[in-house]
Amino acid sequence: MSITALPVESRALSTGNEQTWKAWLIERIDPQWRVAEWDSRRQVFTGDVDNEMTAVYLCRVDRCMTVVEIFDRRCRRCERHRKLNGTSPSFFDRTFDPDSVPRRDEKAFSKVDFELSEVNGTVAAEIIYGVQQRDRDQIILVPMRIRSIVSHLPPDCRSLLDVAGNRQFEKALGAAAGGVFRSLVTHLQRAHVVYSGTDPTMADVWKPAVVGLQAAPDRRYSAAGGVVDFREIRQRWLREITKQFGREVRPPVTTLRHTVHAAEIASRQLSLRTNGDHPELLDHGDMSAVVEGFRTSADREGKPHSFTHRRSLLGWWRRLLEFSRRTGAMDDIPGSFALDLRSHTIAQVETSEDDFGRTIPEHVIAQLDQHLELLGRHSTYSAPGWNPDDYAMMYQTVYQIIRDTGRRPSEIVGLKRSCLDWVDGKPTLVYDNRKRRRMGRRLPISTATATVIDQWLDHLQSLSVPDTLCDWLFPTPGTRNNIRRGHLSGAQFGSRAFAIWIDAIPELVDERLDDDGNPALYDRSMITPYGLRHSYAQRHADNGTPVDVLRELMDHRSVDTTMGYFSVTLKRKRQATEEISKFAIDRHGRPAGFTSVTEYERQSVAVPFGNCTEPSNIKAGGQHCPIRFQCAGCSFYRPDPSYRPAIEQHLAELRTDKETAIATDSASWVITNFDAQIHAFTDVISSMDAMLADLPADQRAVIDNASRELRKARTAAAFIPLESVTTHTNEDEQR
């Protein structure tokens, strides 16, 4: 059965109500709406290329005045001749004259027009009413999608509400027109609530779009879909006070869902109590049972919720109780059923706000950088004044700033154009830490990162950006169709552009080897934008940045969170030491490995070219060498593979110093001393290489990785001095 013959299974309106509903809508339709495009007498809409709120554009061929429905596209006639022409697209667009070729018969209406004279009068009023509501939300009108909706309506359809929720109908429309249809229906359902005088909040399942709830605290528009289900709250009294909270406070949908979730946990706990269904008998013990439910809450797979999430749930529950007591909704419930701030708490466990396991290794980041050009190339989407290359550059800039600064993705996509500040000739990034509600934070950044920002700012000046979005460094994609959104969202970058980019990179290899001795493939699922923040912190911890400096750089409230990165560093160092300590040699190249990590750390001290076991030097922390660090000639010298690069560098310096000594006609014993040291250190490297050559390939790979970890751990220089770190605002100073 074709969709055009789809029967209407149920009528949302009776015949009598249909007429009054139509009259009600007509009273609320603006008669002066788009007078240059909408002919209300003929019921015909003709798109105007000069109206920025209409998706109607001129053909991209310079001399063609035909209108098209997609920006930067050719009309059908020009596209047909371009395929026959054989010249380059750009040359064709500049030189082709449409008037020089015969025009085929065109249909009465193009895709940039739509007509409502053939549909039911109520349906026509509903469409115009809905489109006017979308206009008020600053959503671009795409005539082609309205045409699609009209053409797919069943012949006997008397109201759009009759086909609302019909999956076959929406599937036939496709994603784009289907989205517009659902939006029109949402506006009509809201209007019908006012028209009928019904209260949609009396039901146990709410449609936020119909109720008119704001989508989220940071989104200044109503929800477009979804439901809030109160049915999992088993106790009627608890379900009703939760609904009353939503009805009177009218919180954003996200806030209401958090509150409902907290009430569901409380409901499950109360179901196990004797008086759970008798609110007049509840007491302090019942509240303690509810709090225990928050302490042990877990997700659907049984994984315990984080401390932050459990504490948030308790907070939503507390606010629900406070509202209910304040409004009298709990007057019949004993006062002993209340939270005790001393005992009803959730103890903090040793977890951090950051998941250290998701750190992206530096060698993987290097591979990502090699394929940076692929980021943002997943789409050919264009908008007026923006082409796919512009969007790609924006996504690439976002990635580079996250990588270099370690800020959360949401903090970077929300940067203002004024985010770059120069203090004493050094660049500083100004950003908002919205997670902790600390605004105007300041972070020292490198000149290279500042250059990336400046290059994007210069490019942004050449792009078309609506006045309402001019403050943002990264205006939202589809600037004309989503003006209300403001700036690029973290989800747009992370879940789409970044994720598609990671999948598009031909190969990402790990440092470890597979069973065949080949480089193993890196698990792409471990690569997320937030992982770049972990990598930034781990990079500083590995390089010896003091914990107080790193805490400032990461804008952590608690030093315990920052210490997590150092714990990872110490753990990796110990694991590396376990591998390396067994492969120490003496100055003659004979094996002299340590039996344990403890022995390695207690009976030796790190010196520039290896470990030293001389007692007085160990006691002095490596600062009291009796023979002035001529290590290769000392019987206490214990080098291991992690020192090989340092030994090679020292050999190069010795050879340079020897040539200098010869050129300055130094005494022969000076030359002889250089020769002896060069010979001794060369023997050390030869012995070490011979020992490693006898190992299997997989074990050599383990030694190489362990050596790198120990070299990083020995790097003690701070990345940024503490006195140069300023993350507070002037307002903080006044406090």
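Values below: all heavy atoms of this structure, side chains included; hydrogens, waters and symmetry mates excluded. All residue numbers refer to positions in the sequence shown, counting from 1.
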Between Arg247 and Thr201, is there a donor-acceptor pair closer than 3.5 Å when you use the side chain of the first and the backbone of the second?
yes
Can you tell me if Ser196 uses its side chain to pair, donor with acceptor, with the backbone of His192 under 3.5 Å?
yes
Ignoring hydrogens and angles, state whether a donor on the side chain of Thr122 or Gln19 is under 3.5 Å from an acceptor on the partner side chain.
no
Tell me whether the centres of the aromatic rings in His261 and Trp316 are closer together than 6.0 Å.
no
When rounded to the nearest 0.5 angstrom, what is the spacing between OG in Ser288 and CD in Gln269?
11.0 Å
For Pro251 and Gly246, which heavy atoms make the closest approach, and how far apart are they?
CD-O, 3.7 Å
For the side-chain contact (heavy atoms from CB on, under 4.5 Å) test, which of Ile402, Leu488, Leu473, Leu532 pairs with Ile412?
Ile402
Side-chain donor/acceptor of Ser324 to backbone N/O of Ile241, under 3.5 Å
no
Just by distance, with hydrogens left out, do Glu37 and Thr54 show a side-chain donor and acceptor under 3.5 Å apart?
yes
When you compare the side chain of Glu240 with that of Gln244, does any pair of heavy atoms fall below 4.5 Å?
no
Please examine the side chains of Pro154 and Val163, heavy atoms only from C-beta on, and report whether any two atoms are closer than 4.5 Å.
yes
Within the 4.5 Å heavy-atom criterion, are Pro304 and Thr296 side-chain neighbours or not?
no
Any Lys/Arg nitrogen of Asp555 or Arg441 sitting under 4.0 Å from an Asp/Glu carboxylate oxygen of the other?
yes
Polar contact flag, side-chain donor to acceptor under 3.5 angstrom, Gln43-Trp38
no
Taking only Lys NZ, Arg NE, NH1 and NH2, and the carboxylate oxygens of Asp or Glu, determine whether Glu18 and Lys22 approach each other closer than 4.0 Å.
no
For the ring pair Phe169 and Phe181, is the centre-to-centre distance below 6.0 Å?
yes
Tell me whether the centres of the aromatic rings in His284 and His344 are closer together than 6.0 Å.
yes
Answer yes or no: are there more than 12 heavy-atom neighbours, outside Glu248 itself, under 6.0 Å from its atom CD?
yes
Any donor-acceptor pair under 3.5 Å linking the side-chain atoms of Asn433 with those of Arg408?
yes
Counting C-beta onward and ignoring hydrogens, is there a side-chain heavy-atom pair between Asn51 and Leu141 closer than 4.5 Å?
no
Go through the steps for Met53 and Arg34 under the test side chain to side chain contact (heavy atoms under 4.5 Å, CB included), then give the verdict.
CA-CA 10 Å; Met53 293 300 294; Arg34 295 189 184 234; 3.5 Å; yes
Is the backbone N or O of Gly179 less than 3.5 Å from a side-chain atom of Ser183, with the two atoms forming a donor-acceptor pair by type?
no
Any salt bridge linking Arg273 with Asp286? Criterion: basic side-chain nitrogen under 4.0 Å from a carboxylate oxygen.
yes
Would you find more than 12 non-hydrogen atoms of other residues, nucleotides or ligands less than 6.0 Å from Arg524 atom CZ?
yes
Looking only at heavy atoms, what is the nearest atom pair of Leu320 and Thr242, with distance?
CD2-OG1, 3.7 Å
Measure the OG1-CG distance between Thr345 and Leu339 for me, rounded to the nearest 0.5 Å.
10.5 Å
Taking every heavy atom of Asn120 against every heavy atom of Cys157, the minimum-distance pair comes out as CB-O, 3.6 Å
Determine yes or no for a side-chain-to-main-chain donor-acceptor pair under 3.5 angstrom, with Arg28 supplying the side chain and Ala191 the backbone.
no
Keeping the roles fixed (side chain from Asp432, backbone from Gly440), state whether a donor-acceptor pair exists under 3.5 Å.
yes
Which of parallel (below 30°), tilted (30 to 60°) and perpendicular (above 60°) describes Tyr530 and His534?
tilted
Interatomic distance, OG@Ser40 vs CD1@Ile128, rounded to 0.5 Å, equals 9.5 Å
Determine, stepwise, if the pair Thr259 / Phe323 fulfils side chain to side chain contact (heavy atoms under 4.5 Å, CB included).
CA-CA 12 Å; Thr259 305; Phe323 164 82; over 6 Å; no
Between Glu170 and Arg167, is there a side-chain N and carboxylate O pair less than 4.0 Å apart?
no
Side-chain (Arg533) to main-chain (Met554) donor-acceptor, under 3.5 angstrom
yes
Are the side chain of Ser267 and the backbone of Ala263 linked by a donor-acceptor contact shorter than 3.5 Å?
no
Under 4.5 Å between any side-chain heavy atoms of Val123 and Leu116, yes or no?
no
CA sep, side-chain torsions, deciding dist, call: Arg319, Glu322, salt bridge (Lys or Arg N to Asp or Glu O under 4.0 Å)
CA-CA 5 Å; Arg319 284 184 281 275; Glu322 290 175 348; over 6 Å; no
Within 45° cone and under 6.0 Å: Arg438 NZ/CZ vs Tyr431 ring
no
Of all heavy-atom pairs between Val211 and Arg250, which one has the smallest distance, and what is that distance?
O-NH2, 2.5 Å
In Å, rounded to the nearest 0.5 Å, how long is the span from CG of Leu313 to CZ of Arg318?
12.5 Å
Run Trp206 and Val227 through side chain to side chain contact (heavy atoms under 4.5 Å, CB included) and show every step you take.
CA-CA 5 Å; Trp206 292 7; Val227 298; over 6 Å; no
So Val194 and Trp24, do their side chains get closer than 4.5 Å, heavy atoms only?
yes
For Ala55 and Pro143, work out which heavy atoms get closest and say how close.
O-CD, 4.1 Å
Just do the side chain to side chain contact (heavy atoms under 4.5 Å, CB included) check on Ile149 and Leu184 with the steps written out, would you?
CA-CA 11 Å; Ile149 293 171; Leu184 295 177; 4.1 Å; yes
Are the side chain of Arg190 and the backbone N or O of Ala209 linked by a donor-acceptor pair below 3.5 Å?
yes
Answer yes or no: are there more than 12 heavy-atom neighbours, outside Lys243 itself, under 6.0 Å from its atom NZ?
yes
Which label fits Phe337 and Trp317: parallel for a plane angle under 30°, tilted from 30 to 60°, or perpendicular past 60°?
perpendicular
Are any of the side-chain heavy atoms of Arg145 and Phe114 separated by less than 4.5 Å?
no
To check you understand the geometry: which heavy-atom pair defines the closest contact between Ser148 and Ser151, and what is its length?
O-OG, 2.9 Å
Quick one about Ser489 and Gln492 (side-chain donor to acceptor, distance below 3.5 Å, no hydrogens or angles considered), yes or no?
yes
Is Arg239 paired with Asp204 through a side-chain N to carboxylate O contact shorter than 4.0 Å?
yes
Check this for me: Arg325, atom CZ, are more than 12 non-hydrogen atoms of other residues, nucleotides or ligands nearer than 6.0 Å?
yes
Are the side chain of His487 and the backbone of Val413 linked by a donor-acceptor contact shorter than 3.5 Å?
yes
What distance separates Leu282 CG from Asp332 CG, expressed to the nearest 0.5 Å?
11.5 Å
How long is the span from the CG atom in Asp299 to the NE2 atom in His309, to the nearest 0.5 Å?
8.5 Å
For the residue pair Lys416 and Trp472, establish whether any side-chain heavy-atom pair is separated by less than 4.5 Å.
yes
Do other residues, nucleotides or ligands put more than 12 heavy atoms under 6.0 Å from Asp523 CG?
yes
